Amino acid sequence: MMGHNYIKPERLSIENHPNLNEKWVQDLIADDPSILGLGDLVLRDKERPQPRAGRLDLLLQDSDSQRRYEVEIQLGPTDESHIIRTIEYWDIEKKRYPQYDHCAVLVAEDVTSRFLNVISLFNGTMPFIAIQMQALQVGENLTLVFTKVMDEFSRGPVDEDEEAEALPTDRVYWEQRATKETVALADELLDLLHRIDSGLTLKYNKVYIGLAKDGQAFNFVSFKPKKNHIIFELRLSRTDELDSKIYEAGFDTLEYVKNWGLYRLRLREEDIKSKSEVLEELSKLAYKRRVKS
């Protein structure tokens, strides 16, 4: 360890700090939700109004699924009012948007044993995550450390985003989130879709890249570029015939999402080139289903 200097961090109380506050924590998480350690998340809303129940601090969503996290932030030790508020906001969002899989999250400076005992009384009836945050002064720098002290009791399905809440973004956002090469795969797939309808264009949203036609959302397929591949989602009813066609074509199938009625395929450039006929056939079926709806 020669040549390395050790600096002992000093733990700070955000609640009692003259310059730090809850909004500071909220803004940090909103700017980079990944610091919570819950995966690759995107911000859906901040200070989200709740009917007759105040405002939800943060609404976050997994970038590769329809897992939503209702996040409440508390300075100091956990107390009854924040526990009730977290559960209430989770319940409201769950009832308003039942097609999503929801999880309540309480982020607090001190997660007490009493809090853990109270939450355990729910006995797995709701997904709840408790995260303890520590503000540490290291030399002249300040950092936050988030530690999950209680995991959720249950996990739900992966679904597709609903059009009504798609948050618009641009190509640069996706090139930074994934890579230019994998975003370019969406262009190749769009070229394939133009064989079906030449009026289709890409529509960039925070959770996925969709389609537009005549300036309006027209999503019968959608795209989610990753670092090394792109996820191609087709809105189709599941049948044994389609299962066999996808299997025989040799696609890397992630899953079929029953709640949203879509197949999810993991594609690389060679898949798009070698399996273009099957992709076109599947896309055409999804297109016809969208036109009829």
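Basis for what follows: all heavy atoms, side chains included, without hydrogens, waters or symmetry-related copies. Being a predicted model, the structure only gives us computed values, none of them experimental.
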What are the two closest heavy atoms between [X] and [Y], and how far apart are they?
X: Pro127; Y: His102; result: CG-O, 3.0 Å
X: Arg11; Y: Met133; result: NH2-O, 4.0 Å
X: Ala104; Y: Met126; result: CB-CE, 3.9 Å
X: Pro49; Y: Arg96; result: O-NH1, 3.8 Å
X: Thr78; Y: Val111; result: CG2-CA, 3.9 Å
X: Leu192; Y: Ser276; result: CD1-O, 3.5 Å

Practice task
Show your reasoning for whether salt bridge (charged side-chain N to carboxylate O under 4.0 Å, His left out) applies to Arg68 and Asp45.
Solution key: CA-CA 11 Å; Arg68 285 192 167 184; Asp45 209 349; over 6 Å; no
Determine whether a donor-acceptor pair (N or O, by modelled atom type, separation under 3.5 Å) exists between the side chain of [X] and the backbone of [Y].
X: Arg289; Y: Arg235; answer: yes
X: Thr182; Y: Lys226; answer: yes
X: Thr86; Y: His82; answer: yes
X: Tyr173; Y: Pro168; answer: no
X: Tyr89; Y: Arg55; answer: yes
X: Asn21; Y: Lys23; answer: yes
X: Glu22; Y: Trp24; answer: no

Exercise for the section: Using salt bridge (charged side-chain N to carboxylate O under 4.0 Å, His left out) as the criterion, point out the one residue from Glu70, Glu72, Glu80 that pairs with Arg85. Expected result: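 Single salt bridge (charged side-chain N to carboxylate O under 4.0 Å, His left out) partner of Arg85 among Glu70, Glu72, Glu80: Glu72.
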Exercise for the section: Before accepting this row, confirm whether a basic side-chain N of the pair Asp271/Arg266 lies closer than 4.0 Å to the acidic partner's carboxylate O. Expected result: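 Salt bridge flag = no for Arg266 with Asp271.
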Problem - Ion pair Glu281/Lys284, N-O distance below 4.0 Å - result: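 Salt bridge absent between Glu281 and Lys284.
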Problem - Stepwise side chain to side chain contact (heavy atoms under 4.5 Å, CB included) test for Trp174 and Tyr204 - result: CA-CA 8 Å; Trp174 277 102; Tyr204 299 97; 3.9 Å; yes
In the structure I gave you, are the side-chain heavy atoms of [X] and [Y] within less than 4.5 Å of one another anywhere?
X: Gln61; Y: Lys206; result: no
X: Ile246; Y: Tyr256; result: no
X: Arg238; Y: Tyr263; result: yes
X: Leu20; Y: Leu142; result: yes
X: Pro225; Y: Thr179; result: no
X: Lys203; Y: Asn219; result: no

Membership question, hydrophobic clusters at under 4.5 Å side-chain separation (ILVMFWY): are [Y] and [X] in the same one?
X: Leu41; Y: Leu43; answer: yes
X: Leu12; Y: Ile29; answer: yes
X: Val291; Y: Leu211; answer: yes
X: Ile196; Y: Leu285; answer: yes
X: Ile35; Y: Val71; answer: yes

Problem - Test item: side-chain donor near acceptor, Tyr69 and Asp62, under 3.5 Å - result: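 No.
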Handout entry: Which residues share a side-chain contact (heavy atoms from CB on, under 4.5 Å) with Thr239, sequence neighbours left out
Key =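 side-chain contact (heavy atoms from CB on, under 4.5 Å) check on Thr239 returns Glu241, Leu242.
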Problem - side chain to side chain donor-acceptor pair (under 3.5 Å) partners for Glu188, two or more places apart - result: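 Scan of Glu188 (side chain to side chain donor-acceptor pair (under 3.5 Å), adjacent residues dropped) gives none.
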Problem - Partners passing side chain to side chain donor-acceptor pair (under 3.5 Å) against Asp32 (at least two apart in sequence or in another chain) - result: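 Only Ser34 meet the side chain to side chain donor-acceptor pair (under 3.5 Å) criterion with Asp32.
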Practice task
Evaluate the criterion side chain to side chain donor-acceptor pair (under 3.5 Å) for residue pair Glu15 and Gln74; output intermediate values, then yes/no.
Solution key: CA-CA 9 Å; Glu15 183 181 32; Gln74 179 182 5; over 6 Å; no
Distance from [X] atom [atom1] to [Y] atom [atom2], nearest 0.5 Å?
X: Leu75; Y: Asp110; atom1: CG; atom2: CG; value: 12.0 Å
X: Ile209; Y: Asp187; atom1: CD1; atom2: CG; value: 8.5 Å
X: Phe218; Y: Leu193; atom1: CZ; atom2: CG; value: 11.0 Å
X: Ile231; Y: Tyr208; atom1: CD1; atom2: OH; value: 14.5 Å
X: Glu269; Y: Ile230; atom1: CD; atom2: CD1; value: 11.5 Å
X: Leu56; Y: Glu47; atom1: CG; atom2: CD; value: 8.5 Å

Problem - Near-ring test Phe232/Phe223, centroid separation under 6.0 angstrom - result: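 Close enough - the centres of the two rings lie under 6.0 Å apart.
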Handout entry: Chi angles and distances behind the side chain to side chain contact (heavy atoms under 4.5 Å, CB included) call for Val221, Leu189
Key = CA-CA 10 Å; Val221 301; Leu189 288 166; over 6 Å; no
If you count heavy atoms of other groups shown closer than 6.0 angstrom to [atom1] of [X], is the number above 12?
X: Asn228; atom1: CG; value: no
X: Lys94; atom1: NZ; value: no
X: Asp214; atom1: CG; value: no
X: Glu277; atom1: CD; value: no

Handout entry: side chain to side chain contact (heavy atoms under 4.5 Å, CB included) assessment of Val257 paired with Glu233
Key = CA-CA 10 Å; Val257 186; Glu233 301 180 331; over 6 Å; no
Exercise for the section: Evaluate the criterion side chain to side chain contact (heavy atoms under 4.5 Å, CB included) for residue pair Glu109 and Ile14; output intermediate values, then yes/no. Expected result: CA-CA 8 Å; Glu109 284 190 271; Ile14 303 175; 3.5 Å; yes
Practice task
Report the residue from Leu59, Leu60, Leu58 that forms a side-chain contact (heavy atoms from CB on, under 4.5 Å) with Arg44.
Solution key: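 Single side-chain contact (heavy atoms from CB on, under 4.5 Å) partner of Arg44 among Leu59, Leu60, Leu58: Leu59.
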